[in-house]
Amino acid sequence: LKLLLDQEFHELENDKDTLSKTDFEKRNKDLLKNLDLLKIYVAYQKELKDRSRYDFDDMINWVLQELKNPNSELLSILQERFHYLIVDEYQDTNSAQNEIIDLLVSYWGDKANLFVVGDDEQSIYRFQGASLENALNFKKNYPSAKIITLTENYRSTQNILNTTRALIENNQHNLGEALSLKRQLHANANFKENPLKILNFQNEILE
């Protein structure tokens, strides 16, 4: 990171004559801010090491790094121990988590006993690095996988399901469309069917 910042400082200095004073000062200010953040990050990592602590992201990345280490036996040990894997909320896995899954089942290839449960239409953790592409690429990576689509709904009335389907159909990325899945849900609950109402509120508290 330090080398990257040094390179950007160098490029900014070379571009100085072609930039307006305002643009130069803004870019220089941003780089200085990133340099301060780097110092904080380095200090944070040192403090973690001194205290023998780690944060959640480090835990995932360290495991991934160790699984990819050709001199480590961890991957072989885990592959021998776990022959069946189930992954819940698959739509919320990030790239590192998905790579761990692929490594764990890599010994068996597409014959792996891998069962994932997910719904791309409930993917809400993209801001934390969740990658919908993991779900979109699953069938490509495991071509012999059987896809089971659940269509019976026990929580909502049919008019709610129809309305939400009309909204969801506007999504740019759609797993159902990519895999030719029938996604229409059917209400299987004995609820009273009430008409939907659209209400406007003045603020979030009233809402």
Side-chain angles (χ1 to χ4, degrees), residues 54-64 67 78-79 81-106 108-207:
Y54 51 84
D55 62 26
F56 184 72
D57 289 334
D58 285 337
M59 180 174 64
I60 292 174
N61 289 327
W62 286 345
V63 170
L64 177 58
L67 291 177
L78 295 179
Q79 286 177 334
R81 183 181 300 175
F82 302 111
H83 294 186
Y84 297 85
L85 276 75
I86 181 169
V87 184
D88 197 14
E89 304 293 356
Y90 186 65
Q91 76 277 357
D92 292 328
T93 56
N94 59 38
S95 297
Q97 291 169 324
N98 195 63
E99 193 171 355
I100 289 176
I101 296 167
D102 288 338
L103 284 169
L104 290 175
V105 301
S106 61
W108 295 275
D110 77 330
K111 303 293 185 184
N113 295 310
L114 174 62
F115 187 95
V116 302
V117 181
D119 183 356
D120 59 304
E121 294 171 351
Q122 295 187 49
S123 184
I124 60 174
Y125 288 107
R126 197 161 186 101
F127 70 97
Q128 289 185 350
S131 177
L132 182 59
E133 286 71 24
N134 292 341
L136 291 171
N137 291 328
F138 182 80
K139 187 63 176 176
K140 185 186 301 181
N141 296 334
Y142 302 97
S144 64
K146 181 179 180 180
I147 297 179
I148 302 171
T149 306
L150 304 181
T151 58
E152 297 299 308
N153 183 285
Y154 298 88
R155 295 181 176 180
S156 304
T157 55
Q158 192 63 48
N159 61 342
I160 291 177
L161 297 177
N162 293 342
T163 303
T164 54
R165 170 56 48 197
L167 292 173
I168 290 172
E169 290 298 330
N170 293 304
N171 288 351
Q172 292 182 345
H173 300 288
N174 191 306
L175 188 63
E177 182 178 315
L179 299 179
S180 300
L181 302 177
K182 294 182 179 180
R183 306 293 289 273
Q184 184 63 48
L185 297 178
H186 304 286
N188 197 341
N190 190 23
F191 295 136
K192 182 181 178 181
E193 191 90 5
N194 294 316
L196 297 184
K197 298 179 181 179
I198 299 177
L199 304 176
N200 293 319
F201 297 90
Q202 293 180 350
N203 54 55
E204 293 180 357
I205 296 176
L206 290 177
E207 184 182 350

With sequence neighbours left out, what residues match [X] under side chain to side chain donor-acceptor pair (under 3.5 Å)?
X: S106; answer: Q79
X: D58; answer: none
X: E152; answer: N188

Could you check E89 against V117 for side chain to side chain contact (heavy atoms under 4.5 Å, CB included), going step by step and ending with a plain yes or no?
CA-CA 6 Å; E89 304 293 356; V117 181; over 6 Å; no
How far does [atom1] of [X] sit from [atom2] of [Y], to the nearest 0.5 angstrom?
X: D102; Y: N137; atom1: CG; atom2: CG; value: 10.0 Å
X: I147; Y: T149; atom1: CD1; atom2: OG1; value: 7.0 Å
X: I100; Y: L85; atom1: CD1; atom2: CG; value: 11.5 Å
X: S95; Y: I60; atom1: OG; atom2: CD1; value: 11.0 Å
X: L161; Y: N153; atom1: CG; atom2: CG; value: 4.5 Å
X: L185; Y: T164; atom1: CG; atom2: OG1; value: 7.0 Å

ring-ring contact (aromatic ring centres under 6.0 Å, His included) partners of residues 142-170, not counting sequence neighbours, each pair once:
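Listed by first then second residue: F138-Y142.
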Main-chain N/O of L206 paired with N203 side-chain donor or acceptor, under 3.5 Å
yes
Where do [X] and [Y] come nearest, in terms of heavy atoms and distance?
X: Q91; Y: D119; result: OE1-N, 2.9 Å
X: F82; Y: W108; result: O-CH2, 3.9 Å
X: A187; Y: S156; result: CB-O, 3.4 Å
X: F201; Y: E207; result: CG-CA, 3.8 Å

Is there a side-chain contact between I148 and L150 in this structure, where contact means two heavy atoms from C-beta onward sitting under 4.5 Å apart?
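Yes, side chains in contact.
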Would you say N94 and N98 make side-chain contact, with heavy atoms under 4.5 Å?
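When only atoms from C-beta onward are counted, N98 and N94 do not touch, as no gap falls below 4.5 Å.
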Is there a side chain to side chain contact (heavy atoms under 4.5 Å, CB included) between T151 and Q184 once you walk through the steps?
CA-CA 7 Å; T151 58; Q184 184 63 48; over 6 Å; no
Which residues share a side-chain contact (heavy atoms from CB on, under 4.5 Å) with E193, sequence neighbours left out
T157, Q158, N159
Partners meeting side-chain contact (heavy atoms from CB on, under 4.5 Å) with V87 (sequence neighbours left out)
Y90, T93, I101, L114, V116
